[in-house]
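Scope of the values below: all heavy atoms of this structure, side chains included, with no hydrogens, waters or symmetry mates. Quick caveat: nothing in here was measured; it's all calculated off a predicted structure. Lettering follows sequence order; numbering is per chain, from 1.
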There are 2 protein chains.
Amino acid sequence: MAEQPALQFSALVLALAGELVQGIHTRVVAAGFDDLRPAHGFAFARISFGGATTADLAEHLGVTKQAAAQLVDELVRKGYVERTAHPTDARARLLRLTERGWACTRAADTAAAEAVAPYQRTLGAERFAELVGDLAALGPKGPIRPAW
Amino acid sequence: MAEQPALQFSALVLALAGELVQGIHTRVVAAGFDDLRPAHGFAFARISFGGATTADLAEHLGVTKQAAAQLVDELVRKGYVERTAHPTDARARLLRLTERGWACTRAADTAAAEAVAPYQRTLGAERFAELVGDLAALGPKGPIRPAW
DNA sequence: CGTGATGGACAAGTAGCTTGTCCATATAGA
DNA sequence: TCTATATGGACAAGCTACTTGTCCATCACG
């Protein structure tokens with residue numbers, strides 16, 4: 001069974017991703033941001049990076065422009081994002097996180113750190129760092145998004 | 001920035017999971033099973049394990065019984081799954097893969113192996129095996145499912 | 001044997017996404 | 001500079017996977 005490690009790898013990564021999303025989401029909700037779903041996190045990631053328009057966001061998330069526009073509408077309505085004028089393109093609106101949006105981003109970062117902490121403890125800081133290094137070496141280049 | 005590796009870890013695992021799902025799905029479709037979506041794979045995993053009822057499947061996938069029933073209906077309609085009498089419970093129906101269902105499962109395994117192959121090549125067989133070992137040590141116990 | 005739990009089905013509603021169309025503005029070529 | 005094509009964004013309608021709610025038949029436990 002030469003491909004056994006490969007199958008194991010897929011299963012482990014998928015299971016791990018599921019646990020991570022679940023763990024992070026639970027903590028973010030507990031932190032008071034209970035009107036968001038995990039998918040919103042991926043939008044925050046792109047918007048906080050800066051310079052994002054709705055179309056950029058759509059491409060990043062791998063959905064249509066309209067889906068992205070609806071998502072942005074929701075985030076604006078809930079006070080996490082605001083649309084500002086684009087400096088050079090009169091058609092476009094630049095997306096920007098509000099203070100509440102930034103607060104949520106910080107909460108998500110904390111949540112991620114907490115969710116990963118047990119893993120770090122299991123392997124030890126050193127071995128965990130190696131693990132991260134190896135994963136980084138695989139160079140997953142795809143945008144971080146809920147792909148199914 | 002002590003929590004930097006933790007954040008990196010989350011991002012990497014999530015990106016990797018996305019790429020894997022995408023890669024596997026694409027290959028499975030290319031293998032002729034183009035009437036399935038990635039989520040179906042998680043159902044196949046449980047059903048191929050054996051002894052699954054619709055309710056078992058629902059719990060495994062983390063959805064309601066009705067959602068699972070609809071999914072099973074679809075898989076039965078498309079010829080991947082059949083409902084058989086349960087040996088000891090007259091209420092329940094035992095789910096079983098058809099030959100086509102098994103063929104799809106084999107195709108998915110092959111697809112997973114192929115999708116992971118480049119990673120194996122990048123790290124080398126030895127280091128990759130270590131990586132898998134470390135991931136396994138983290139013991140992601142959650143059911144493998146699309147969690148968002 | 002009766003009472004609560006469980007597997008499953010039917011019906012209706014919802015939310016997130018899609019396709020299709022349109023307009024205003026930007027960009028490139030003659 | 002004028003024209004053609006591409007692009008950001010909005011409006012409308014529809015689809016699909018999922019939900020909640022209800023119900024029945026059967027199981028399991030006192």
Side-chain angles (χ1 to χ4, degrees), chain A residues 18 21-22 25 29 34-44 46-47 49-78 80-96 143 145-148, chain B residues 18 21-22 25 29 34-44 46-47 49-78 80-96 143 145-148:
Chain A
V21 169
Q22 183 82 14
H25 180 62
V29 167
D34 58 349
D35 53 357
L36 294 178
R37 287 169 301 105
H40 293 133
F42 299 96
F44 275 61
R46 177 63 189 91
I47 298 174
F49 183 76
T53 65
T54 299
D56 290 335
L57 189 58
E59 195 192 347
H60 178 77
L61 296 177
V63 298
T64 59
K65 285 189 299 176
Q66 289 68 17
Q70 285 176 16
L71 199 148
V72 169
D73 267 345
E74 186 188 348
L75 291 179
V76 169
R77 214 177 343 103
K78 292 178 175 170
Y80 293 100
V81 171
E82 55 191 1
R83 298 181 223 251
T84 72
H86 194 286
T88 65
D89 191 333
R91 296 169 305 175
R93 321 281 322 257
L94 211 52
L95 301 177
R96 213 174 52 182
R145 53 173 157 166
W148 67 93
Chain B
V21 169
Q22 184 82 13
H25 180 61
V29 166
D34 58 348
D35 55 354
L36 294 178
R37 287 168 300 105
H40 293 134
F42 299 97
F44 276 61
R46 177 63 190 90
I47 298 174
F49 183 76
T53 65
T54 299
D56 290 334
L57 190 58
E59 195 190 349
H60 179 76
L61 297 177
V63 297
T64 59
K65 286 189 298 175
Q66 289 68 15
Q70 285 176 16
L71 199 149
V72 169
D73 267 344
E74 186 187 348
L75 291 180
V76 168
R77 212 175 347 101
K78 292 178 176 171
Y80 293 101
V81 170
E82 54 191 2
R83 297 181 222 250
T84 72
H86 194 287
T88 64
D89 191 333
R91 295 169 305 176
R93 320 279 324 254
L94 211 51
L95 301 178
R96 213 173 54 183
R145 53 172 156 166
W148 66 93

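Remark: P of C/dC17 and NZ of A/Lys65 are 17 Å apart, rounded to the nearest angstrom. Between the P atom of D/dA17 and the CZ atom of A/Arg37 lies a distance of 17 Å, rounded to the nearest Å. Following rounding to the nearest Å, B/Leu36 (CG) and D/dA17 (P) show an atom-to-atom distance of 12 Å. Between the P atom of C/dA15 and the CD atom of A/Glu74 lies a distance of 10 Å, rounded to the nearest Å. Following rounding to the nearest Å, B/Arg93 (CZ) and D/dA25 (P) show an atom-to-atom distance of 16 Å. The CZ atom of A/Phe42 sits 16 Å away from the P atom of C/dG16 (whole-angstrom rounding). With rounding to whole Å, A/Leu57 atom CG is found 13 Å from D/dG8 atom P. One atom, NE2 of B/His86, and another, P of D/dC27, lie 10 Å apart when rounded to the nearest Å.
Heavy atoms of A/Thr64 sit under 4.0 angstrom from at least one base atom.
Of the candidate nucleotides D/dT19, D/dG9, C/dA9, D/dT19 has the atom nearest to the side chain of B/Ala67. Closest approach to the A/Ala92 side chain among D/dA17, C/dA9, D/dG9 is made by D/dG9 (side chain taken as heavy atoms from C-beta onward). Nearest nucleotide to the side chain of A/Arg91, out of C/dT18, C/dA9, C/dT25: C/dT25. For B/Gln70, whose side chain is taken as the heavy atoms from C-beta onward, the closest listed nucleotide among C/dA12, C/dG8, C/dT18 is C/dA12.
In terms of modelled atom types and a separation under 3.5 Å, the side chain of A/Arg37 and the main chain of A/Gly41 share no donor-acceptor contact. Here the side chain of B/His25 pairs no donor or acceptor atom with the backbone of B/Gln22 at under 3.5 angstrom. Checked by atom type and distance alone, the side chain of A/Thr53 never pairs as donor or acceptor with a backbone atom of A/Leu94 at under 3.5 Å. Of the possible polar contacts, none joining the A/Lys65 side chain to the A/Thr54 backbone as a donor-acceptor pair under 3.5 Å is found.
Contact annotation: side chain of B/Gln66 to base of D/dG21, donor-acceptor pair present below 3.5 Å.
For B/Arg83, the CZ atom sits in a packed shell: over 12 heavy atoms of surrounding residues, nucleotides or ligands are nearer than 6.0 Å.
Both B/Thr88 and A/Arg83 sit near DNA chain D, but only A/Arg83 has its closest nucleotide nearer the 5' end. Position along DNA chain C of the nearest nucleotide to A/Ala68 versus A/Asp89 favours A/Ala68 as the more 5'-ward residue.
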